[in-house]
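Heads up: the structure comes next, in structure tokens.
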Amino acid sequence: MTGKIVEVEAYRGSDDPASHAFRGRTPRNAPMFGEAGHAYIYFTYGNHYCLNVTTQESGIPGAVLIRAIEPLDGLSAMKRLRPNVPELTLTNGPGKLTKALAIDKTLNEIDLTKAGPLFITVADEEHFKIARSTRVGITAGTERLWRFYISGNRYVSRK
DNA sequence: TCGAAGATTCTA
DNA sequence: AGAATCTTCGAA
């Protein structure tokens with residue numbers, strides 16, 4: 001299964017009240033304090049996993065939440081993991097895409113820069129316009145424009 | 001130990 | 001608009 005990342009949000013540490021790392025290190029958010037390029041996966045609302053990529057050097061919390069992807073390959077497998085769902089809504093949300101890609105906590109903290117069960121690579125050069133907005137689903141730090149998505153892409157989670 | 005909140009999703 | 005659902009965290 002393969003997909004193109006089309007929507008992300010940035011989270012930081014003590015200067016970002018919306019971040020899990022705002023109040024310091026805990027067992028859950030420990031990956032955010034690790035080396036950049038690793039997975040930070042958490043479980044929320046009793047049902048959903050969310051996938052982040054750590055961004056800062058070791059010791060400094062930071063992560064990017066993957067909010068939506070555009071399916072490229074393995075569409076049938078994704079549909080099997082999320083039955084009876086229209087194609088456009090298969091992966092257009094942080095909880096949806098982890099379900100469609102069978103991502104759970106067993107992949108927490110793995111290195112996403114190297115080939116493995118889950119990893120990220122740079123695709124062929126492509127030109128698109130990146131739009132930004134406030135982050136979704138948070139109650140603090142709502143003024144920051146730290147949500148980034150590909151303008152006009154049909155798989156972003158919201159208009 | 002307990003209670004409240006949550007980087008969501010689905011249904012009515 | 002509201003429920004579902006359970007883990008995590010911080011306070012007691």
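Convention: sequence-line order gives letters A, B, ...; per-chain numbering from 1.
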According to the Watson-Crick and G-U wobble definition with distances under 3.5 Å, which dot-bracket string, read 5' to 3', encodes DNA chain B, using [ ] for crossing pairs and | for pairs with another strand? ||||||.||||.
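- Residue-level contact check: A/Lys99 touches neither bases nor backbone, having no heavy atom under 4.0 Å from any strand.
- Centroid-to-centroid, the aromatic rings of A/Tyr11 and A/His20 stay 6.0 Å apart or farther.
- The distance from atom CG of A/Asn47 to atom P of B/dA5 is 19 Å, rounded to the nearest whole Å.
- We find that CD1 of A/Ile66 is positioned 14 Å from P of B/dT8, with the value rounded to whole Å.
- For the pair A/Ile103 CD1 and B/dA7 P, the interatomic distance rounds to 18 Å; values are reported in whole Å.
- A/Ser151 places no side-chain N or O within 3.5 Å of a backbone atom of A/Lys129 that could act as its donor or acceptor partner.
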List the steps and the verdict of side chain to side chain donor-acceptor pair (under 3.5 Å) for A/Ser19 and A/Arg12. CA-CA 6 Å; A/Ser19 171; A/Arg12 296 206 301 207; over 6 Å; no
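- Atom CD1 of residue A/Ile66 and atom CD1 of residue A/Ile120 lie 5.0 Å apart, to the nearest 0.5 angstrom.
- In terms of hydrophobic clustering, with Ile, Leu, Val, Met, Phe, Trp and Tyr side chains grouped at heavy-atom distances under 4.5 Å, A/Val53 and A/Val6 are assigned to a common cluster.
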What N/O pairs connect the protein and nucleotides 9-12 of chain C at under 3.5 Å? Give each pair on its own line.
| residue | atom | partner | partner atom | Å |
| --- | --- | --- | --- | --- |
| C/dC9 | OP1 | A/Thr26 | OG1 | 2.2 |
| C/dC9 | OP1 | A/Arg28 | N | 3.2 |

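- Residues A/Leu90 and A/Ile5 share a hydrophobic cluster, clusters being chains of Ile/Leu/Val/Met/Phe/Trp/Tyr side chains in contact below 4.5 Å.
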Report all interatomic pairs (protein N or O, nucleotide N or O of nucleotides 9-12 of chain B) with separations under 3.5 Å.
| residue | atom | partner | partner atom | Å |
| --- | --- | --- | --- | --- |
| B/dT9 | OP1 | A/Pro94 | N | 3.2 |
| B/dT9 | OP1 | A/Gly95 | N | 2.7 |
| B/dT9 | OP1 | A/Lys96 | N | 3.1 |
| B/dT9 | O4' | A/His48 | NE2 | 3.1 |
| B/dC10 | OP1 | A/Arg82 | NH1 | 3.1 |
| B/dC10 | OP1 | A/Arg82 | NH2 | 3.3 |

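- If you check B/dA7, B/dT8, C/dT8 against the side chain of A/Val136, the one that comes closest is B/dT8.
- Between A/Ile110 and the choices A/Leu107, A/Thr113, A/Thr106, the side chain to side chain contact (heavy atoms under 4.5 Å, CB included) rule is met once, by A/Leu107.
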If you apply the rule side chain to side chain donor-acceptor pair (under 3.5 Å), what do you find for A/Thr91 with A/Glu70, and how did you get there? CA-CA 7 Å; A/Thr91 56; A/Glu70 174 183 338; over 6 Å; no
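- Under the 4.5 Å side-chain heavy-atom criterion for Ile, Leu, Val, Met, Phe, Trp and Tyr, A/Ile60 and A/Phe22 are members of distinct hydrophobic clusters.
- Going from atom CD1 of A/Ile138 over to atom C1' of B/dA5 covers 15 Å, rounded to whole Å.
- Connection of A/Phe128 to A/Ile69 is established within a shared hydrophobic cluster, with ILVMFWY side chains joined at heavy-atom distances below 4.5 Å, either directly or through further cluster members.
- Salt bridge annotation for A/Glu9-A/Arg135: absent, with no cationic side-chain nitrogen under 4.0 angstrom from a carboxylate oxygen.
- For the pair A/Lys4 and A/Glu126, the salt-bridge criterion is met [side-chain N within less than 4.0 Å of a carboxylate O].
- Remark: A/Tyr49 engages A/Phe43 in a ring pair (Phe, Tyr, Trp, His ring centres under 6.0 Å) (not counting sequence neighbours).
- In this structure, a donor-acceptor pair under 3.5 Å is present between the side chains of A/Arg147 and A/Ser133.
- With rounding to the nearest 0.5 Å, the separation of OG1 in A/Thr55 from CD in A/Glu35 is 12.5 Å.
- Heavy-atom distances under 4.0 Å link DNA chain C to no residue of residues 1-14 of chain A.
- Listed by residue number, A/Phe43, A/Tyr45 are the residues of residues 31-45 of chain A with a heavy-atom contact under 4.0 Å to DNA chain C.
- Between the side chains of A/Thr134 and A/Glu143, no donor N or O sits under 3.5 Å from an acceptor N or O.
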